[in-house]
Amino acid sequence: MKNTSTGKLYDRLLDGDELALVEVYDMYKAEFVNFFRKYHINEQSILDIYQDSIIVVYQKICCDRLNLTSSSLKTYLFGIGKNKVYDY
């Protein structure tokens, strides 16, 4: 993983640190909402999609099914969000 602060955050998530999850949530929330506005979805729906995407990321980390060697946590989160927007 390229960004060491994000790497440390990922390691904390792997260790079950719930404060790390709050940090991830706060870190990407505004950028996620701004990015997905271009799909003409109301903000509340985008926030719901964000919440669902965060949960998926956390579940994959907890189940050791997420390997971030080829992408960042942000890229993975936004990719999940994009799939959820398409489903929406």
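Residues take their numbers from the sequence shown, with the count starting at 1. Just so it is clear, the structure is predicted and the values come from calculations on it, not from any experiment.
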Please name the residue in the list V22, I49, L21 that meets the side chain to side chain contact (heavy atoms under 4.5 Å, CB included) test with I54.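 Exactly one pass, corresponding to L21.
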Out of the candidates E31, K38, R37, only one should pair with F35 under the side chain to side chain contact (heavy atoms under 4.5 Å, CB included) rule; please name it. K38
Report yes or no: is the cationic atom of K29 (NZ for Lys, CZ for Arg) closer than 6.0 Å to the six-membered ring centre of Y25, at no more than 45° off its axis? no
What residues form a side chain to side chain donor-acceptor pair (under 3.5 Å) with D15, not counting sequence neighbours?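 Residues passing side chain to side chain donor-acceptor pair (under 3.5 Å) with D15: none at all.
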Pairing residues for Q44 by the side chain to side chain donor-acceptor pair (under 3.5 Å) criterion, not counting sequence neighbours: D48
Please examine the side chains of Y50 and Y28, heavy atoms only from C-beta on, and report whether any two atoms are closer than 4.5 Å. yes
Do V24 and Y10 have side chains that approach each other closer than 4.5 Å (heavy atoms only, starting at C-beta)?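 They are not in side-chain contact.
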Atom CG in L9, atom CG in L14: separation rounded to 0.5 Å?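 Taking CG in L9 and CG in L14, the distance rounds to 10.5 Å.
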Non-hydrogen atoms of F32 and S53 that approach each other most closely: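 Reported closest heavy-atom pair: CZ-OG, 4.0 Å.
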Where do I61 and L13 come nearest, in terms of heavy atoms and distance?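 Closest approach of I61 to L13, heavy atoms only: CD1-CD1, 3.6 Å.
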Are Y39 and L77 connected into the same hydrophobic cluster when the rule is that any two of I, L, V, M, F, W, Y join if their side-chain heavy atoms are below 4.5 Å apart?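 The answer is yes; both residues are in one hydrophobic cluster.
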Pairs of donor and acceptor atoms involving the side chains of residues 79-88, under 3.5 Å and at least two apart or interchain, shall be tabulated with distances.
| from | atom 1 | to | atom 2 | distance (Å) |
| --- | --- | --- | --- | --- |
| N83 | ND2 | G79 | O | 3.4 |
| Y88 | OH | S45 | OG | 3.2 |

Kindly indicate, with the supporting measurements, whether the criterion side-chain contact (heavy atoms from CB on, under 4.5 Å) is fulfilled by R12 and L19. CA-CA 9 Å; R12 289 175 50 207; L19 288 176; 4.0 Å; yes
CA sep, side-chain torsions, deciding dist, call: F36, I41, side-chain contact (heavy atoms from CB on, under 4.5 Å): CA-CA 7 Å; F36 286 102; I41 301 172; 5.8 Å; no
